[in-house]
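A single structure is presented below for examination.
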Amino acid sequence: MRKKIIAGNWKMNKTVAEAKSLVDGIKLELGDSTKVDVVVCPPYTAISAASEQVEGSQIAVGAQNMHFEASGAYTGEVSAEMLREQYVRYVILGHSERRQYFAESDESVNKKTIAALAAGLIPIVCVGETLEERDAGQIEDVITTQINEGLKGLDADQLKKVVIAYEPVWAIGTGRTATPEQAQEVHALIRGLLVKLSDEGTAGAVRIQYGGSMKPANAAELLAQPDIDGGLIGGAALDASSFIEIVKAAANS
Ligand code: 13P
């Protein structure tokens, strides 16, 4: 059985003080439950504070991006090692906002995934189609390219460590969630692609999160789908109670 994983992508939200208070709230409500992997991904500036604040809890800290080089003249960037030093365990890669606004490509996602794994970080690799692509019947083409190019060259052991997030771009921050059936269909497609990249056993071990307007009201039905192994939560992760409700839905699914 795949352990469910609920991660909060805070995006460009929360000062250090706000981050501390949000982590405290999550920690308090989570108690010592270990049924679900729980991850918070603050902006870089709040990572160190979040890492201190999660001590003594089951909560892990993730970053929202990183550079694939270990060091060098890359103004504004941070490396996997720098994240590791701050006790970061996960890193979101290829989020649609990075693809859309910061020219993230499948090639850079692939380099970052390899660098993250080499440094001992767990990559959360994001894929997803836009509304135009969905309407044009291109879901399979888009997802196939993002998965095959993003995960190129990974062996079975590396692949097993990766978390994939399916985030239909049209569902992000819009309040318009994919139906459980729409999400399951793409999750099953992704798992099929993973089989082709490796084997049934490896593909069966990879966790695939859903992301896009997931909230307490719709989490349970999404998480009940056979290939939905968790959630990557934006808006609803900025509030301790709603985030915890989603974690509980995952624990009960
Ligand atoms: P929302 O939950 O706000 O739609 O954001 C989803 C997301 O982009 C998580 O990475």
Side-chain angles (χ1 to χ4, degrees), residues 4-14 18-19 22 26 36-44 46-47 50 59-66 83 88-102 104 108-109 112-113 116 121-131 133-134 142-143 146-147 150 162-180 182-183 186-187 190 207-223 225 228-250:
K4 294 261 187 339
I5 172 166
I6 301 293
N9 175 9
W10 296 2
K11 308 190 179 183
M12 199 171 72
N13 293 292
K14 305 291 175 187
E18 289 165 347
L22 178 53
I26 297 170
V36 176
D37 284 338
V38 178
V39 186
V40 294
C41 304
Y44 290 135
I47 280 180
I59 307 165
V61 175
Q64 301 173 17
N65 181 36
M66 54 166 254
L83 296 175
V88 167
R89 292 185 34 213
Y90 293 83
V91 59
I92 299 171
L93 299 175
H95 190 280
S96 66
E97 286 148 18
R98 296 221 53 91
R99 293 180 191 260
Q100 189 181 348
Y101 306 129
F102 304 100
E104 187 84 77
S108 62
V109 171
K112 290 176 180 191
T113 302
L121 290 171
I122 299 174
I124 299 178
V125 177
C126 302
V127 299
E129 81 288 356
T130 62
L131 191 56
E133 290 163 343
R134 174 167 279 261
V142 170
I143 302 292
Q146 289 175 340
I147 290 286
V162 172
V163 174
I164 292 168
Y166 168 56
E167 299 205 307
V169 178
W170 47 274
I172 296 175
T174 58
R176 186 176 159 195
T177 322
T179 64
Q182 283 175 324
V186 181
H187 281 237
I190 293 170
R207 295 181 294 177
I208 309 174
Q209 298 175 308
Y210 168 80
S213 300
M214 200 192 240
K215 47 185 179 270
N218 59 29
E221 55 177 9
L222 285 159
L223 293 164
Q225 298 298 314
I228 301 187
D229 308 311
L232 185 54
I233 324 295
L238 298 176
D239 172 75
S241 301
S242 61
F243 184 65
I244 283 293
E245 273 201 57
I246 298 172
V247 173
K248 285 184 182 157

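Indexing begins at 1, ligand by ligand and atom by atom, following the structure's order. All values reported here derive from a predicted model rather than from experimental measurement.
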- Message: Do K112 and V91 make a side-chain contact, defined as non-hydrogen atoms from C-beta onward lying under 4.5 Å apart?
- Response: no
- Could you say whether the N/O atoms of E167 and ligand 1 ever approach to under 3.5 Å? yes
- Message: Can you tell me if R98 has over 12 outside heavy atoms packed within less than 6.0 Å of its CZ?
- Response: yes
- Query: By number and element, which atoms of ligand 1 are closer than 4.0 Å to a non-hydrogen atom of G212?
  - Reply: 4 (O), 6 (C)
- Identity and distance of the protein heavy atom lying nearest atom 5 (O) of ligand 1: K11 NZ, 3.3 Å
- Message: Measuring from atom CD of Q146 to atom CD1 of I143, what distance do you get when rounded to the nearest 0.5 angstrom?
- Response: 5.0 Å
- Please examine the side chains of Q225 and H187, heavy atoms only from C-beta on, and report whether any two atoms are closer than 4.5 Å. no
- Close-contact set for ligand 1 against S213 heavy atoms, below 4.0 Å: 1 (P), 2 (O), 4 (O)
- Message: With respect to E97, determine whether any N or O atom, backbone or side chain, lies less than 3.5 Å from an N or O atom of ligand 1.
- Response: no
- Taking the side chain as every heavy atom from C-beta outward, state whether R89 and V39 have any pair of such atoms under 4.5 Å apart. no
- Item | Residues which pass ring pair (Phe, Tyr, Trp, His ring centres under 6.0 Å) with H95, listed by chain and number, not counting sequence neighbours | none
- Note on the structure: Check: of G173, P168, G234, min heavy-atom distance to atom 6 (C) of ligand 1 comes from G234
- Message: Just to confirm my output: which protein heavy-atom neighbour is closest to atom 3 (O) of ligand 1, and how far is it?
- Response: G235 N, 2.8 Å
- Task: Please name all residues satisfying side-chain hydrogen bond (donor to acceptor under 3.5 Å, both in side chains) with S96, sequence neighbours left out, ordered by chain then number.
- Result: none
- Report yes if some N/O of A236 lies less than 3.5 Å from some N/O of ligand 1; otherwise report no. no
- Query: Going by the atom numbers of ligand 1, which of them fall below 4.0 Å from some non-hydrogen atom of A171?
  - Reply: 4 (O)
- Task: Could you tell me whether N9 approaches ligand 1 through its side chain, its backbone, both or neither, with non-hydrogen atoms closer than 4.0 Å?
- Result: side chain
